[in-house]
Amino acid sequence: MKKIIRQLILDAANKAFENNKLNANEFPEFSIEEPKVDAHGDLSTNFAMVNAKTQKMAPRKIAEILIRYIGNNSPVIEKTEIAGPGFINFFILPAAWYPVLSDIYEKDTAYGFSNMGNGQKVQVEFVSANPTGPLHVGHGRGAIVGDSVASILTACGYDVHKEYYINDAGKQIQTLGLSVFLRCRELDGHSIDFPEDCYQGDYIYDIARELKQEKGDWVFTVSEEKAVAFCAKFAADRMIINIRNVLNTLGIEFDNWYSEQALMDSGKVASVIQKFKDQQLIYEKDDALWFKTEAFGDEKDRVVVRNNGQGTYFASDIAYHQDKLDRGFDRIIDVWGADHHGYIPRIRASITASGKDENQFVVILTQLVNLLRKGVPVSMGKRSGQFITLKEVIDEVGKDAVRFIFLTRHYESPLDFDLEVAKQKTNDNPVYYVQYVHARISSIIKKAQDEKQIGENEITDICFDGKAVARIKEPEEIQLIKHLARYPETIRSSAEYMEPHRMAFYLMDLAADFHAYYNKHRVLTEDPDLTAGRLYLIFAVQKVIRNGLTLLGVSAPDSM
RNA sequence: GCGCCCGUAGCUCAGCUGGAUAGAGCGCCGGACUUCGAAUCCGUAGGUCGCAGGUUCGAAUCCUGCCGGGCGCGCCA
């Protein structure tokens, strides 16, 4: 509809110029939007205001000329008005909205999809938590945001690749191995001295038990060095399986799990360091190797190889991001917790330094999650071992509620996640509000089938029944269709800004319109045409609700 | 001290990237089920958009400076 109006305006403006009513035929960018107040029409444009300067005319004067040239010959316009400082308001004929419905039926699960991305290759890397402990809710937020962004981009014609980067090399893995090894000894009846910087959680015992189950006392028959190394590998593998399982319960699957160890074994880390050395971008100071990140916008230079010869995380990350771009992605998106924001400049610097385009690298920073129960904070702390895991949260409140709550906030806002609120089936917890629309419509359709022998196929065919469609004319019905018409642009803006919460809010609004309509008007009536028209409408609503929930990874139940 | 994020109704949050009279939900109060699912709906009340300047036809939105909260500033990961 916006497209139609935009064309109408441009045609009128050009015609006015040809007739010497306007002074210039260059028209700056103008917007068309839905006014907040019904009295301002269905759509409104600021055309006259933004053109005031180039036309050297008063906005209202421009608006008057334009309206004259728009005239009344468009099949979609009921009337136009000039208002306020120079807005032109368009009132659309109700029947002009009907094609939205047939479009929904035609496209069905692909309604609202676009080719905005034009097949561009995009990689979304998210979660990437160290496999040294269970996921917590903060990881969950990044996981859900990353996954939904990926879905939305896919719907917009991007070729999306989801990846998890496993930090399975380095000191923390050694520490994990030592932790498990010590717990094995403890389980064997030895008294142990368990260092503070080892992983304190009970899950270490679980892994130790599993290891003993599989390998018996083997770890005590070899050197401690060898045993710890084995424990590390064993434990990391277990943790990754555990992490993958938890993510699967959230409906998240990755296209690729990328191992840091494999990256190092491939020699790519060493070769990229050598390359930057050759280019004088890496230099030696105090027995360590430093990357000149400051020259590319970072606060200071960063160490890539410590004076003990060990590479830092940054070294792997440089190679990893080089590798991502080398794999041909047009855009690489990293979803990180906000506590890592200090890392952005150095990664960006490494990309710039390599001669690649830093704009291909985008970071989504999700703010931290405060876990609460009835308003009081639940203490968190990984090292202490006292924390509620993501799995426990999912088990308690359910996947759909967890996902939806995380997606009803802008990811840059800190999030209070209250376990008790998340379990409530009230409007404090809008996932059920939206799902209820879907279930309600399923229920009506079932009833239509049982009592009036109108099945889904018959409803779909109603688009060819002009008599029935013409019966859709209540204000609440037209309102619903207008709302459905906004779905495609909601997907597009969610993708453009990588903000899935826009979709969540859209669905809540649509749900509100539906519930209001439902309470005011009956769908199943004694009048066959009226009934058919309304079934046609609500089935379309249901499709859009389902599509939107799918993009957010939330189920659309037929009953609840 | 420096950097990033946040500050909007009693609470939790939106506000379509500068538009018209700033919106939802929860909570409070009052209503609606013999008819398609009351996990719903309808109505009332609630605001110096943290503060102060600036930019312009127009600012919650952009710029500057403060105030308050969170996070980060390692040859840790």
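In what follows, every chain begins at residue 1, and chains take the letters A, B, ... in the order their sequences are listed.
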B/A20 base to A/N89 side chain: any donor-acceptor pair below 3.5 Å?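 Such a pair is found, so the answer is yes.
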Is there, by distance only and without an angle test, a donor paired with an acceptor across the side chain of A/H340 and the base of B/G72 below 3.5 Å?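 Not at all, since no donor on one side and acceptor on the other fall under 3.5 Å apart.
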Quick one: which of [options] gets closest to the side chain of [X]?
X	options	answer
A/S44	B/U35, B/A20, B/A14	B/A20
A/Y433	B/G37, B/C75, B/C41	B/C41
A/M560	B/A20, B/G37, B/C6	B/G37
A/L368	B/C71, B/G3, B/G19	B/C71
A/P414	B/C6, B/C42, B/G37	B/C6
A/F505	B/C13, B/C16, B/G37	B/C13
A/K171	B/C16, B/C42, B/A77	B/A77
A/Y497	B/A20, B/U17, B/C36	B/U17
A/R502	B/C73, B/C75, B/C16	B/C16
A/Y313	B/A20, B/A14, B/A77	B/A77

Within the structure shown, what part of the strands sits under 4.0 Å from [X] by heavy-atom distance: base, sugar-phosphate, or nothing?
X	result
A/A516	sugar-phosphate
A/K452	nothing
A/M49	base
A/D513	nothing
A/T490	nothing
A/A512	nothing
A/D286	base
A/A52	nothing
A/K447	sugar-phosphate
A/D339	sugar-phosphate

Nearest-Å distance once atom [atom1] is located in both [N] and [M]:
N	M	atom1	value
B/G10	B/G47	P	7 Å
B/C42	B/C33	P	16 Å
B/G46	B/G23	C1'	13 Å
B/G53	B/A14	C1'	28 Å
B/C16	B/C63	P	15 Å
B/A22	B/G65	C1'	26 Å
B/A24	B/G15	P	15 Å
B/G50	B/A45	P	24 Å

Comparing A/E33 and A/D509 on RNA chain B - which has the more 5′ nearest nucleotide: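 It is A/E33, whose closest nucleotide lies nearer the 5' terminus.
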For A/H521 and A/Y343, take the nucleotide of RNA chain B holding the closest heavy atom to each; which residue's nucleotide lies nearer the 5' end?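 With A/H521 and A/Y343 compared, the 5'-side residue is A/H521.
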Evaluate whether the aromatic ring of A/H40 and the six-membered ring of the B/A20 base sit under 5.5 Å apart, centre to centre, with an inclination under 30°.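 The ring of A/H40 is stacked on B/A20.
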Between A/F87 and B/A20, do the rings stack, that is, sit under 5.5 Å apart with planes less than 30° off each other?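 A stacking contact exists, since A/F87 sits close and nearly parallel to the base ring of B/A20.
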Under 6.0 Å from the ring centre and within 45 degrees of the ring axis: does the NZ or CZ of [X] meet both conditions for the six-membered ring of [Y]?
X	Y	result
A/R6	A/F30	yes
A/K543	A/F539	yes
A/R346	A/Y343	yes

Are any of [X]'s side-chain N or O atoms less than 4.0 Å away from OP1 or OP2 of [N]?
X	N	result
A/S413	B/A14	yes
A/Y517	B/U40	no
A/H515	B/A39	no
A/K520	B/C41	no
A/Y436	B/A39	yes
A/R440	B/A38	yes
A/R306	B/C76	yes

Among A/W336, A/Y320, A/Y313, which residue satisfies the ring pair (Phe, Tyr, Trp, His ring centres under 6.0 Å) criterion with A/Y165?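 Single ring pair (Phe, Tyr, Trp, His ring centres under 6.0 Å) partner of A/Y165 among A/W336, A/Y320, A/Y313: A/Y320.
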Whole angstroms only, please: what is the CG-P distance between A/D416 and B/C26?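 It works out to 19 Å between those atoms.
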Whole angstrom value for the distance that separates P of B/U35 from CD of A/E451: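 Value for this atom pair: 13 Å.
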According to the Watson-Crick and G-U wobble definitions, with both distances under 3.5 Å, which nucleotide is paired to [N]?
N	result
B/C75	none
B/A24	B/U12
B/U44	none
B/C4	B/G70
B/G53	B/C63

Aromatic ring centroids of [X] and [Y] under 6.0 Å?
X	Y	value
A/H483	A/F514	no
A/H321	A/F361	yes
A/F404	A/Y432	no

Decide, for B/C36, between syn and anti: a glycosidic angle within 90° of 0 counts as syn, anything else as anti.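 Base orientation relative to the sugar is anti.
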Would B/U17 be called syn or anti, given that syn covers angles within 90° of 0?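 Syn, since the glycosidic angle lies within 90° of 0.
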Salt bridge present between A/E489 and A/K2 (N-O < 4.0 angstrom):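 Looking at A/E489 and A/K2, the cut-off is met.
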Testing A/D529, A/D527, A/T531 one by one against A/R471 for a side-chain hydrogen bond (donor to acceptor under 3.5 Å, both in side chains), which residue passes?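 So the option named by the test is A/D527.
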What is the distance from atom CG of A/L415 to atom NE2 of A/H410, rounded to the nearest 0.5 Å?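 Spacing of CG (A/L415) from NE2 (A/H410) equals 12.5 Å.
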